[in-house]
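Some notes on the structure that comes next.
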Protein chains: 2
Amino acid sequence: MLLLHHLQIKNENNNKKQPKPLPHSHLNHYYCTMSELITYIQSYFGVVQEKDVELIASLFKKTSIKKGEYFLKSGKNSNQLSFIQEGLLRIFVATEDKEITQWISTKGYFVTDLSSFVFQTPSRWNIQALSDTELYTINRDDYTKIGQLIPAWHELEKLFIVRCFIILEDRIFSHLSMTAEERYQFFFAHNKELFNQVPLQYIASMLGMTPETFSRIRKKQLS
Amino acid sequence: MLLLHHLQIKNENNNKKQPKPLPHSHLNHYYCTMSELITYIQSYFGVVQEKDVELIASLFKKTSIKKGEYFLKSGKNSNQLSFIQEGLLRIFVATEDKEITQWISTKGYFVTDLSSFVFQTPSRWNIQALSDTELYTINRDDYTKIGQLIPAWHELEKLFIVRCFIILEDRIFSHLSMTAEERYQFFFAHNKELFNQVPLQYIASMLGMTPETFSRIRKKQLS
DNA sequence: CTAATTTCTTGATATTTATCAAGAGCCAAT
DNA sequence: ATTGGCTCTTGATAAATATCAAGAAATTAG
């Protein structure tokens with residue numbers, strides 16, 4: 001029941017066909033959303049088996065963390081994958097002298113350290129709540145069960161991760177081909193809402209510039 | 001037979017166990033090597049089934065392309081995945097005024113536009129041979145067969161792609177946290193050989209700097 | 001081997017971005 | 001409402017990197 005609201009099941013697309021990728025959205029996704037996932041599941045299985053969706057949904061438990069608390073600390077193993085129902089999480093690395101924000105995950109996205117979750121290695125990132133956050137969380141053992149119970153799951157999962165891979169390729173490309181100002185503009189065009197919700201210094205870091213540079217570019221854009 | 005030389009099958013590790021990730025090698029891989037793949041297959045299946053390896057190997061056909069020829073042109077769909085037996089391929093984007101090199105794939109690596117290969121969308125990259133290159137190539141239909149014939153293949157494939165994902169995460173992080181000089185040093189430390197093999201301007205582009213900046217940093221390092 | 005072409009280096013200069021420092025604005029807790 | 005602590009802005013300056021132009025070195029083609 002938990003997730004059915006988000007799952008948006010529609011019994012269309014009766015034939016099993018190759019999933020289409022979403023429009024190629026440079027830079028504006030990272031971890032992927034539940035509705036994206038479901039679009040995949042639908043197009044992949046044809047009709048989503050109601051019982052399978054129920055099964056998957058039942059394995060996610062509602063959890064929450066308060067602003068400032070950590071979802072994951074670097075060095076720890078990640079044993080959970082969460083869907084953000086409401087709230088914001090910042091993924092960052094603390095170096096000697098400063099923090100580098102790798103990404104900010106918002107409502108509707110999945111979050112985990114994929115590396116740590118999959119391979120059970122120490123997490124490279126800290127993940128901290130920027131606001132009180134509600135999650136639907138599945139632990140690693142339960143997640144493994146999905147693969148055992150739904151034969152085509154791994155194939156689907158692969159497609160999902162490839163999409164994330166592509167998004168990262170694009171993000172690298174943005175650093176090879178765009179100036180700080182261009183990265184700002186692009187990101188702003190696709191993520192306006194975020195600018196009112198989180199400290200701008202984190203967005204600056206995520207885009208690879210200092211808060212001062214960010215502030216100056218921002219001023220220029222507003223005028 | 002084709003690939004058995006590379007596959008380096010060893011009938012050790014008799015129990016099926018969780019594959020360990022390779023040491024976390026920031027920035028120095030992108031597409032992954034056959035031996036890495038096989039390490040995975042081995043640890044994943046426990047003992048590699050000789051017949052399965054034969055099967056996989058038999059689907060790869062030896063092909064070659066001459067220096068300057070294209071393995072893939074942007075806009076075309078990628079229908080092949082290749083293992084580089086010998087040679088060098090440059091993955092790049094041609095913009096109005098310049099070319100941006102996204103990566104250089106060397107002997108021992110797989111190469112394709114993953115996005116295009118998996119989703120059959122137009123390739124975003126050009127892939128061109130920097131030298132006469134020998135490949136073992138599998139087409140998309142045959143690749144699909146592997147998944148049909150070896151049930152655990154998709155799970156394994158997922159792990160492989162997650163590894164590639166992690167490498168990209170690190171590469172992004174290098175742009176958020178390192179200067180051009182630091183990126184040069186890091187890359188040089190891990191890829192010395194490449195500096196004698198390809199035009200340095202391509203490495204410069206790949207690291208996100210101009211050839212002039214690259215040249216000056218290089219001079220500084222040598223002295 | 002030689003000429004043509006491409007690649008690399010170097011210098012001068014411009015632009016972009018970072019750093020440091022100070023103050024202003026904004027929130028949140030008392 | 002007031003205080004304290006963040007966060008953001010702004011200015012002055014420094015450092016990093018890009019651009020443009022020319023020539024040197026290396027490579028390739030004939």
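Every chain is numbered from 1 and lettered A, B, ... according to where its sequence line falls, protein lines coming before strand lines. Computed over heavy atoms, backbone and side chain alike; hydrogens, waters and symmetry mates excluded.
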Look at the side chain of B:Ser205 and the backbone N and O of B:Thr101, then say whether any donor-acceptor pair between them is shorter than 3.5 Å. yes
Is there a side chain to side chain contact (heavy atoms under 4.5 Å, CB included) between A:Gln221 and A:Phe188 once you walk through the steps? CA-CA 10 Å; A:Gln221 303 297 323; A:Phe188 182 72; over 6 Å; no
Give me the ring orientation class for A:Tyr143 and A:Trp153: parallel if the planes are under 30° apart, tilted from 30 to 60°, perpendicular past 60°. perpendicular
Would a distance-only check, ignoring hydrogens and angles, find a side-chain to backbone donor-acceptor pair under 3.5 Å from B:Thr133 to B:Ser131? yes
Could you check whether A:Arg183 and A:Ser174, counting side-chain N and O atoms only, form a donor-acceptor pair closer than 3.5 Å? no
Rounding to an integer number of Å, can you tell me how far B:Arg218 CZ sits from C:dT7 C1'? 11 Å
Heavy-atom protein contacts under 4.0 Å, nucleotides 17-30 of chain C, coded B base, S sugar-phosphate only, - none: SSBB----------
Using side-chain contact (heavy atoms from CB on, under 4.5 Å) as the criterion, list what pairs up with B:Arg216, not counting sequence neighbours. B:Glu212
If we fit an axis to the first five pairs and another to the last five of the helix from C:dC1-D:dG30 to C:dT30-D:dA1, what angle do they make, to the nearest 10°? 50°
Interatomic distance where OH belongs to B:Tyr184 and P belongs to D:dT17 [whole Å]: 14 Å
Just checking, is any N or O donor in the side chain of A:Ser123 or A:Ser78 under 3.5 Å from an acceptor N or O on the other one? no
Ring geometry between A:Tyr136 and A:Phe83 (parallel below 30°, tilted from 30 to 60°, perpendicular above 60°): parallel
Please report, rounded to the nearest Å, how far the C1' atom of C:dT9 is from the CD atom of B:Gln221. 16 Å
In whole Å, what is the span from the NZ atom of A:Lys220 to the C1' atom of D:dC8? 18 Å
Scan residues 192-202 of chain A against DNA chain C and write down, sorted by residue number, each residue with any heavy atom closer than 4.0 Å; if none is found, say none. none
B:Thr137 meets the side chain to side chain donor-acceptor pair (under 3.5 Å) criterion, sequence neighbours left out, with B:Thr63, B:Ser82
Of A:Lys107, A:Lys66, A:Lys61, A:Lys62, the one forming a salt bridge (charged side-chain N to carboxylate O under 4.0 Å, His left out) with A:Glu134 is A:Lys62
For a quick test of reading the model: is some side-chain N or O of B:Lys219 closer than 4.0 Å to OP1 or OP2 of C:dT10? yes
With sequence neighbours excluded, residues passing side-chain contact (heavy atoms from CB on, under 4.5 Å) with A:Val93: A:Thr95, A:Trp125, B:Phe173
